[in-house]
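Values below: all heavy atoms of this structure, side chains included; hydrogens, waters and symmetry mates excluded. Order of the sequence lines sets the chain letters (A, B, ...), proteins ahead of strands, with each chain counted from 1.
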Number of protein chains: 2
Amino acid sequence: MTSNTRAKMVAGAADLMSRRGVNATSMREVVRHTGTPRGSISHHFPGGKRQLIEDAIVFAGAQVSGPLRHLTTERGAMAGLRAFITLWKRTLEQTNYQAGCPILAVAVEEYVSDPSDKDTGGGQAVQRHLLDLAQGIFADWQQILSAALKQEGLAASRARRLATLVVASVEGTVAMCRAARSAQPLEEVSHELELLLKSVIEGR
Amino acid sequence: MTSNTRAKMVAGAADLMSRRGVNATSMREVVRHTGTPRGSISHHFPGGKRQLIEDAIVFAGAQVSGPLRHLTTERGAMAGLRAFITLWKRTLEQTNYQAGCPILAVAVEEYVSDPSDKDTGGGQAVQRHLLDLAQGIFADWQQILSAALKQEGLAASRARRLATLVVASVEGTVAMCRAARSAQPLEEVSHELELLLKSVIEGR
DNA sequence: ACTACAATATGACGGTTGACATAGCCAGCG
DNA sequence: CGCTGGCTATGTCAACCGTCATATTGTAGT
């Protein structure tokens, strides 16, 4: 049976990463923050901090794609857009605009491990892995929205472009809301995105 | 006369921050990367690392808002949009998709200085300052685009919303491009944004 | 009851960080 | 010439990091 502490560590890491970023989140603080034993860290995550980060962003990604997939297939593209936005808005408001998106943090930062700076040879490949993971999660969200838009009758290429626009603009807006300590950017972007999608779908 | 090494430090810090994020950029690496003397750091930046970060993002912000302001007032909103996008596209391509936006990095991360963990009392206020600065730069870009859109005859509220959408989506897209090691997301978003603005301006 | 193994606790290690202090350099100018 | 003040060089400091090694505990299987 998979331990409970492992899950708490992953969730705690995702939370801290969304608030402070990847490099500002230390493993010691994760265990401090979650009340989990420090000694278990190398047991549950033999891959070290890198593995914790991977698990955390996969966890965070699934937490979004789950409801998103459910609502889009159930009630269409428009409901999916609203769910996507509402989900982030709630996260922002519930944390007083301290938490953002941990996947975006991975996409913006570069995780560097202390030992053996060496050359950039080994670092590059390992670095790729984290970015690939983040890119995969973004692609996942896009694919869900894109499929829903195609379902509404849009051409494949148009649906893909619009899905990219939605994911990118919401991610950027969440960061802006964090900086502004306000949900206003999200409301403005939400307004425009709804207008755009509505006109594109209905005016077909 | 303001020293040359100071400017090199600021530019180097902005560059490193755009590649690795705020917390992964150490002052020692800035001086290593720019060939500037380590001892001068506390002379040029008595405020320590925080001051370096501030100067770096102000510098990076001006590097965008300069050309942006010039082109929008010269050739209109559409040219401004294209300039904004092209500017980021060039940055991405010239660095093999390693550099993103340092202001976004500040907006996503939380800069934490090692000493005096204390409570969150003192940290909060200081943290605000960096985020306020980042928010101000975003607002600067928005204001330029928004003014250009109003010049094209749009209502003030609509112009503001669209400007927010443009800035947010481009910022998010730049991060996605970094993760994907590809300019494709930017091209897709660019396509949709041009379509949107064109229809909104012409169909007035 | 006793073993075997997963999980937890605790400490140590080598390394880096930001900040600061002290000392040396080197114009420019009286 | 000598001084002076802006830079630069170098070292030290405490704190923290990620990782590993070594107990110690908990617990299920026989």
Can you check nucleotides 10-13 of chain C for protein contacts, nitrogen or oxygen pairs under 3.5 Å, and list what you find?
from	atom 1	to	atom 2	distance (Å)
C/dG11	N7	A/R38	NH2	3.1
C/dG11	O6	A/R38	NH2	2.2

B/T25 and side chain to side chain contact (heavy atoms under 4.5 Å, CB included): which partner among B/R19, B/R20, B/H33?
B/R20
Give the C-alpha distance, both sets of side-chain angles, the deciding distance and a yes or no for salt bridge (charged side-chain N to carboxylate O under 4.0 Å, His left out) between A/R161 and B/E187.
CA-CA 9 Å; A/R161 283 198 309 258; B/E187 274 152 16; over 6 Å; no
Would a distance-only check, ignoring hydrogens and angles, find a side-chain to backbone donor-acceptor pair under 3.5 Å from A/R178 to A/G100?
no
Looking across every strand, which nucleic acid part, if any, lies under 4.0 Å from B/T5 by heavy atom: base, sugar-phosphate, or nothing?
sugar-phosphate
Mind checking side chain to side chain donor-acceptor pair (under 3.5 Å) for A/Q184 and listing every partner two or more places apart, or none if nothing turns up?
A/E188
Measure NZ/A/K8 against P/C/dA7 and give the value in whole Å, please.
15 Å
For the pair made of NE2 in B/H44 and C1' in D/dC7, what is the distance, rounded to whole Å?
7 Å
Taking A/R75 for its side chain and A/G80 for its backbone only, find out whether a donor-acceptor pair lies under 3.5 Å.
no
Length of the CZ-P vector between B/R50 and C/dC20, whole Å
13 Å
D/dC7 C1' sits how many Å from B/I41 CD1, rounded?
14 Å
So if I take every side-chain heavy atom of A/H43 and compare against C/dT17, D/dT8, C/dA7, which nucleotide ends up nearest?
C/dA7
Rounded distance in Å - CD (A/Q51) to C1' (D/dG18)
14 Å
Upstream residue (5' side of DNA chain D) when A/P46 and A/A24 are each assigned their closest nucleotide
A/A24
In whole angstroms, how far is the C1' atom of C/dG18 from the CG atom of B/L16?
16 Å
Value for CG (A/L165) from CD (B/E192), rounded to nearest 0.5 Å, stands at 6.5 Å
Roughly, in whole Å, what's the span from CZ in A/R6 to C1' in C/dT8?
16 Å
Would you mind reading off the distance between B/F45 atom CZ and D/dG6 atom C1', rounded to a whole angstrom?
15 Å
Remember a base hit wins even if backbone is also touched, and classify B/S26 as base, sugar-phosphate or nothing at under 4.0 Å, heavy atoms.
sugar-phosphate
Nearest listed nucleotide, side chain of A/M27, among D/dC17, D/dG18, D/dT8
D/dG18
A/L131 CG to B/Y97 OH distance, which is reported to the nearest 0.5 Å
14.0 Å
Where the side chain of A/S40 is defined as all heavy atoms beyond and including C-beta, which of D/dC17, C/dT8, D/dC7 is the nearest nucleotide?
C/dT8
